[in-house]
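Lettering of chains follows the sequences in order, A, B, ..., and the numbering in each one begins at 1. Atoms considered below: every heavy atom in the structure, side chains included; atoms not considered: hydrogens, waters and symmetry mates.
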There are 2 protein chains.
Amino acid sequence: MDQKSSITIHDIARELNISASTVSRALNDNPRISKATKEKIKAKALEMGYQPNTIASNLRNQKTNTIGIVVPLINRHFFSSFISGVEDVAFAAGYNVIISQSNDLLEKEKQIVHSLFSNRVDGLIASLSMQTDEFDHFQLFSKKEIPIVFFDRVVPELEAHKIVVDDFMVGFKATEHLIQQGYKRIAHLAGPTVLHTYRDRMAGYRAALEKNNMPIDEELIIYSRLTRIDGRDAIQQLLALPQPPDAAFCGNDTSALAMMVYLKKIGMKIPQDFGLIGFSDEPFSEVVTPSISTLKQPAFEMGLKAAELLIQEIESKNRLSKHLTITMPTELIQRESSSRIR
Amino acid sequence: MDQKSSITIHDIARELNISASTVSRALNDNPRISKATKEKIKAKALEMGYQPNTIASNLRNQKTNTIGIVVPLINRHFFSSFISGVEDVAFAAGYNVIISQSNDLLEKEKQIVHSLFSNRVDGLIASLSMQTDEFDHFQLFSKKEIPIVFFDRVVPELEAHKIVVDDFMVGFKATEHLIQQGYKRIAHLAGPTVLHTYRDRMAGYRAALEKNNMPIDEELIIYSRLTRIDGRDAIQQLLALPQPPDAAFCGNDTSALAMMVYLKKIGMKIPQDFGLIGFSDEPFSEVVTPSISTLKQPAFEMGLKAAELLIQEIESKNRLSKHLTITMPTELIQRESSSRIR
DNA sequence: TTGAAAGCGCTAACAG
DNA sequence: CTGTTAGCGCTTTCAA
């Protein structure tokens, strides 16, 4: 005897011989409704198995209690941890989260952003695709003053809030750490320099060398997409130099791992013969042998922060006129791959 | 001069001196509209920067083109890979995905399921929380004949489609592999046996021993929650036995890793002195030393399959009367930790 | 081929 | 404290 078509507030109203608006108000705990009728209505709603229709309410209220997320790929530790943080805050504040992945394709990112807009999300959290070099699609949101928070992959051109880490300091701290451990010729495996994040890290690398009066040798800087294959190719190329390096700061842990695997294969001792440090503290970095030194990016906390900021913006009547850039701390995690001293 | 309030089909209609219904039809490529007017309308829509309001359309159509996902935790490799698969198929078919995590809490799972229902998702994909021992909240969906697909953590009581792996075969294949590698006393670190998935794996373990005429020693079976600490405790306990094992099949890679770390620390050689095999092929298993043998669960493919099945159910008028259970293949990945022969 | 009108389910202004 | 009415933006029957 299951009611296949849904029960609405009108059904409840009819049963109780009252108006639908009263039912609506009671269900929303409007103070103008007497306690008695409220209880009567709620009891009836329960009895009839009433389930509110959020879409109808959304349409009427011009508010969906939904936030959209766009990331390059869900299935990556940094992004899934970030999303997990967002989801925690969002859920606690009564928001749903719609997630989409761009697969690092600009065209898909555009489609997603349009779709999220059409779904009238109350706010957007996004990390740009690797291909993204135009930003018109985000104007949709800014034009209508729907708040956006960018994170990780951001560009200065964007007029929006941002959650980032201090990439310059990342490069600086990583490099200086290697110097302190006594390494003399330090290479850098850089990511695509179209992305600021990689440019800044490289700048930090250079600054650390300069500060310590070490020469900057352009031969020791290799540009790549930081895949495993890139890491292996890079270390081969570096070792073939007339004066090969004795350490490397890699743009991510994946490429650092690839270097390590190769170095072990050809019989080099880590960290004695060669020092390594990566970035982002992937789960594997702690458990490989030797364990990989790295800088930890607080993905989950960044997600919390992004969601807090976004929801605050959504719910405040007067928006922050200024766009915030929140810089999250990174933590250097020293492990075996760079611990030459003691 | 930005139009803060959105442009609707009525605005377009007014500009063109036609009716809103014609605009709606043109935008939806209804064949009853002449090509000329269609083009005129589409051009105007573009010019005015029209963006359809999906919620209004959803309300009217009683269809949201949205599917809901509930998982225990987004930030876990298996689940995020699964979701990634779902998202791919869903996006291609024009569906949005709303994701929520239960954090393995029954109460949160219930809330989520209600919320997704109120948001009128067209279908649901779910993996149960560790606490879930009642299923009334899913009745909401089945009562209204909204399709559900369960995966990974499922129970037979559920009248719905299921995507699973053959856990019995997992246990059987893992154990038989160790036997073939010449191990003589094989332990099993089992997960919580309230969950079918772990019960079945243990049954497979027992069956493999029996088939090979090896005694089943209950001392060699340890029950735990498969954390890293559980793994370390278990191996200590096992080695303290009068007749310790020389190999172990662990319920997941995490606990296998924990065993490995401990065994290395006390100077045992893997795989010579002790053989190990885990389950699920975590990213780290391939890169640790020695690399960990395991069985790969095709997370991404399971996600694809789940989404395909769900969308097919959503879009077919006459639902499958029978509930499908799709068993996905697992693949034994032999690595160093169990390779004693040659 | 196009238009008028009604309605999806809910909420809020206004009236009482 | 409660009811009436209108409307969020879209689609669709019915009529022309």
Side-chain angles (χ1 to χ4, degrees), chain A residues 3-42 44-45 48-66 115 117-122 144 146, chain B residues 3-42 44-45 48-66 94 115 117-122 144:
Chain A
Q3 190 80 13
K4 246 209 81 183
S5 61
S6 299
I7 288 124
T8 73
I9 51 172
H10 291 99
D11 299 323
I12 301 178
R14 201 174 324 107
E15 289 277 314
L16 256 32
N17 271 317
I18 52 176
S19 78
S21 26
T22 303
V23 176
S24 169
R25 285 193 268 254
L27 261 19
N28 290 314
D29 265 326
N30 186 313
R32 288 174 6 190
I33 303 290
S34 78
K35 214 167 162 210
T37 35
K38 245 185 217 175
E39 278 170 9
K40 195 176 58 182
I41 290 171
K42 287 187 179 171
K44 198 68 179 178
M48 297 177 72
Y50 170 76
Q51 293 291 334
N53 185 324
T54 308
I55 341 179
S57 152
N58 288 346
L59 177 60
R60 175 63 227 230
N61 291 333
Q62 306 283 49
K63 175 126 181 13
T64 55
N65 286 297
T66 300
S115 159
F117 182 85
S118 281
N119 275 281
R120 296 295 187 269
V121 294
D122 295 332
K144 280 205 66 183
I146 301 169
Chain B
Q3 189 82 11
K4 247 209 81 186
S5 61
S6 299
I7 288 123
T8 72
I9 51 172
H10 292 100
D11 299 322
I12 301 179
R14 203 174 322 107
E15 289 276 314
L16 257 32
N17 272 315
I18 52 175
S19 78
S21 18
T22 304
V23 177
S24 170
R25 283 193 268 251
L27 262 19
N28 290 315
D29 265 327
N30 186 313
R32 287 175 10 189
I33 303 291
S34 77
K35 213 167 164 209
T37 34
K38 243 184 217 173
E39 278 170 10
K40 194 175 58 182
I41 290 170
K42 286 187 180 169
K44 198 68 179 174
M48 298 178 71
Y50 170 75
Q51 293 290 335
N53 185 324
T54 307
I55 341 177
S57 146
N58 288 346
L59 177 60
R60 173 64 228 230
N61 291 333
Q62 306 283 48
K63 175 124 182 11
T64 56
N65 285 297
T66 299
S115 159
F117 182 85
S118 281
N119 275 281
R120 297 294 187 270
V121 294
D122 295 331
K144 280 204 66 186

Length of the line joining B/Asn30:CG and D/dT13:C1', which is rounded to integer Å:
13 Å
Okay, side chain of A/Asp11, backbone of A/Thr8: is any donor-acceptor separation there less than 3.5 Å?
yes
Separation of B/Ile7 atom CD1 from D/dG9 atom C1', in whole Å?
13 Å
Nearest-nucleotide comparison on DNA chain C, the residue closer to the 5′ end among B/Lys38 and A/Asn53:
B/Lys38
Can you tell me if B/Ser57 and B/Thr54 form a side-chain donor-acceptor pair at under 3.5 Å?
no
Using a cut-off of strictly less than 4.0 Å between a heavy atom of the residue and any atom of DNA chain D, enumerate the qualifying residues of residues 15-24 of chain B by number.
B/Ser21, B/Ser24
What I want to find out is whether B/Asp29 reaches B/Lys42 closely enough, with some N-O distance under 4.0 Å, to be called a salt bridge.
yes
Working note: B/Thr37 + B/Ser34, criterion side-chain hydrogen bond (donor to acceptor under 3.5 Å, both in side chains); need CA distance, chi angles, decisive distance, verdict.
CA-CA 6 Å; B/Thr37 34; B/Ser34 77; 2.6 Å; yes
With DNA chain D as reference, determine whether B/Ile9 or B/Arg25 sits nearer its 5' end, using the nearest nucleotide of each.
B/Ile9
Terminal contacting nucleotides, 5' and 3', DNA chain C versus chain B (heavy atom, 4.0 Å)
C/dT1 to C/dG9
Judged by modelled atom types alone, do B/Ser115 and B/Ser118 share a side-chain donor-acceptor pair under 3.5 Å?
no
Have a look at B/Thr37 and say if it touches a base, only the backbone sugar-phosphate, or nothing, with a 4.0 Å heavy-atom cut-off.
sugar-phosphate
Minimum heavy-atom distance A/Ile146-A/Val121, with the two atoms named:
CG2-O, 3.9 Å
Side-chain donor or acceptor of B/Asn61 paired with backbone N/O of B/Lys63 under 3.5 Å
no
Which residues in residues 56-64 of chain A have at least one heavy atom lying under 4.0 Å from any atom of DNA chain C?
A/Ala56, A/Ser57, A/Arg60, A/Asn61
Quick check against the 3.5 Å criterion: does A/Asp122 have a side-chain atom that pairs as donor or acceptor with the backbone of A/Thr64?
yes
Distance-only donor-acceptor check, side chains B/Ser24 and B/Ser21, under 3.5 Å:
no
Looking at every non-hydrogen atom in both residues, tell me the closest pair between A/Ile7 and A/Tyr50 and how far apart they are.
O-CD1, 3.2 Å
Just how far, in rounded Å, is P of D/dG9 from CG of A/Asn119?
15 Å
Between D/dC8 atom C1' and B/Asp11 atom CG, what is the distance in whole Å?
13 Å
So does A/Asn30 get a backbone contact from the side chain of A/Lys38, meaning a donor-acceptor N/O pair under 3.5 Å?
yes
